[in-house]
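Numbers restart at 1 for each chain; the letters A, B, ... are given by sequence-line order, proteins then strands.
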Amino acid sequence: MILRVTPKSIVQLKIVIHVTNLAFILTWYYWAFTDALGADPVKALIHFTGMGAINLLLLTLLVSPIARFTRQPQWIKIRRLLGLYSFTWAVLHLSNYVVFDLQLAFDTLLEDIIKRPYITVGFSAFLILTSLAVTSPRAMQRTLGKRWQKLHNLIYPASLLVILHFIWSVKSFDPEPILYALLLLLMLSTRFKVVQQRLFSKSAGRQK
Amino acid sequence: MAKLKTVDQPLTENNVTSESLFKNRRNILKSMGFVGAGALLTTPQSSTAFSLFGDDPQFQTRALPHKKNSNYIASDAITSEAKATSYNNFYEFGTGKDDPKDNAQGLTVDPWSLIVDGEVEKPLKLDYDALYNSFDIEERIYRFRCVEAWSMVIPWLGFPLHKLLNKALPTSKARYVAFETLYRPEEMPGQKSRFVGGGIDYPYVEGLRLDEAMHPLTLMSVGLYGKTLPPQNGAPIRLVVPWKYGFKSIKSVVRIRLTSTQPANTWNILQPREYGFYANVNPKVSHPRWSQATERRLGSGGLLGSQRIATQAFNGYSEVASLYKDLDLSKYF
């Protein structure tokens, strides 16, 4: 028996999402300022907020397959919040880099964005996420009409850029970004009709 | 050179995070599953088996009698010992910066044997005690610049490599010096599993030209901060070449071989486009993925405790420039 989603459980879920994200953000900044994050708190914080953005992005992409699989479209109601938290983590990630790592050397930032492919890729993903966050309110959705869906389909190329940014940022072979790449591909594969029929029609049969 | 904010503030016990708190933090995060899934996969046995109710046995260092060498005193503020001994690249113990401290405490260093052979007239073997009593131990404060664009200032204890090499009497054929790290997979999880060890073929190897190895700056270090080396910093003996990127300063050395041809070095084998044989600190030659023009100096304190400063050619050790006057440094990076 799969969890039944009620309006009440949506509210509860949203509270959990807020509390978890804010708790992690506050604790990590507290640790960073009080020197409890190891020898290089700057790097630790940049890495942690980057992972936060990726984790939340993957969770965002998980919502619609879950809604399909459980045949409960109500799940979609938490997707916007997850997406906005992914963007929040991305903002923190970029700000940590600019403020604490580069220490506001904007010329270096510009040079990095132009000359360092992994930063070019990461920054492009950030621009896409920004445009999605800005257009996420319901009013914007109504204004944009059909174009809104087109715009928000950019989440797929953005997620690929994010993972590429992660893979390129490590110094040698590291299984973690590879694992994340596989998770993302799994998530993206559920967007194809063929996979959907295989994955979701069985549960549909069970429901009937 | 930019001065660190913390220059005049003496470090007190209060500046140091208690180890149990630090370890607990990792444990709490792990139990909440918020550490990336891959991090769990790569966590070697020794750290997952860690218990909440007691500390893993710590490697014991001891005070090492030494004389300060007044020729090698950096004007920069010294990095806190807590940072220098908890932020290490030593992939034999995992690729994370805190992995070596977590996973290296069980390393056996006594007995040890360091062999000097190859193109020498008198091959040598130093045992554990001989590492400390064959030569006068001096303290030198060096800047240490990692290829990843962070740096520290560290008081090393040791002796210049040329003293050791001269004892072995290099032959006229000797042109290079090859170094090799201990290979002991049962104590080094990164050597046991490619997933832990960053895909490197072990043992880790490094090399220098003979004139670089004989330079008075080139140090064989057996300690830091007045004590013997902890394993995460390369116990019991390591190389320190202060004008080159940190990966040249090979740790836990068991063999020094003089050769007539240029020896291989591990990072060059792994990524020849990104890491050369020379690896001299050079603000003008970028790493393909990041700039080397500046560096972040890790001093002490939290989020605001590091300072971005300009990187100097040869890490500020301009006396070595004459070694490379006929070399195109952008080609031989």
Side-chain angles (χ1 to χ4, degrees), chain A residues 20-21 23-24 27-48 50-52 54-56 58 96 99-105 107-109 111-112 115-121 166 168-183, chain B residues 15-18 21-22 25-26 28-29 32 34-39 41-42 79-80 82-89 91 95-98 101 147-150 152 194-200 267 270-271 274 286-291 293-294 296 298 300-308:
Chain A
T20 330
N21 279 281
F24 272 113
T27 326
W28 271 72
Y29 274 87
Y30 174 73
W31 279 333
F33 278 106
T34 54
D35 200 17
L37 283 185
D40 192 354
V42 176
K43 200 186 162 187
L45 202 58
I46 291 176
H47 182 70
F48 187 74
M51 293 314 298
I54 293 181
N55 285 331
L56 266 295
L58 287 181
N96 288 334
V99 177
F100 300 116
D101 191 339
L102 297 183
Q103 302 182 355
L104 302 178
D107 47 338
T108 314
L109 175 68
E111 195 191 312
D112 277 351
K115 284 202 342 214
R116 319 275 161 222
Y118 86 98
I119 295 185
T120 316
V121 160
F166 187 22
W168 273 352
S169 70
V170 297
K171 196 160 121 195
S172 68
F173 170 74
D174 186 340
E176 198 176 359
I178 309 294
L179 202 78
Y180 270 88
L182 291 176
L183 275 176
Chain B
N15 294 82
V16 183
T17 308
S18 99
L21 177 75
F22 187 75
R25 176 188 61 77
R26 286 172 57 88
I28 293 163
L29 289 172
M32 294 178 90
F34 208 76
V35 181
L41 263 186
T42 60
T79 299
S80 74
K83 285 190 192 283
T85 57
S86 66
Y87 194 77
N88 311 95
N89 278 323
Y91 281 20
T95 56
K97 294 285 185 292
D98 47 2
K101 191 184 180 195
V147 73
E148 298 163 1
W150 54 267
M152 295 184 177
R194 286 181 75 79
F195 289 97
V196 180
I200 287 175
W267 277 99
L270 202 67
Q271 290 276 15
E274 301 188 339
S286 294
H287 184 282
R289 287 181 286 155
W290 56 84
S291 163
T294 61
R296 221 152 37 74
L298 305 180
S300 51
L303 200 47
L304 305 172
S306 68
Q307 196 116 44
R308 188 159 282 279

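Between B/L304 and A/F100, some side-chain heavy-atom pair lies under the 4.5 Å cut-off.
Residues A/D35 and B/G301 come closest through the heavy atom pair OD1-O, 3.1 Å. Scanning both residues, B/S286 and A/R116, for their nearest heavy atoms gives OG-NH2, 3.6 Å.
Remark: A/D40 does not engage B/K83 in a salt bridge, criterion side-chain N to carboxylate O under 4.0 Å.
Contact count versus chain B (heavy atoms, under 4.5 Å) is highest, among A/H47, A/K115, A/Q103, for A/Q103. Chain B forms the most heavy-atom pairs under 4.5 Å with one residue out of A/L102, A/L45, A/D112, and that residue is A/L102. Annotation: maximal heavy-atom pairing with chain A below 4.5 Å, among B/E148, B/E274, B/R194, B/Q271, occurs at B/E148. Between chain B and the residues A/N96, A/V170, A/T108, the largest count of heavy-atom pairs under 4.5 Å involves A/V170. The candidate with the highest count of non-hydrogen atom pairs below 4.5 Å against chain A, out of B/S291, B/S86, B/G199, B/A293, is B/S291.
Heavy atoms closer than 4.5 Å to chain A are found nowhere in B/T294, neither backbone nor side chain. Heavy atoms of B/R296 lying under 4.5 Å from chain A belong exclusively to its side chain.
Expressed to the nearest 0.5 Å, how far OH of B/Y87 lies from NZ of A/K43 amounts to 4.5 Å.
In this structure, B/R289 contributes its side chain and A/Y118 its backbone to no donor-acceptor pair below 3.5 Å.
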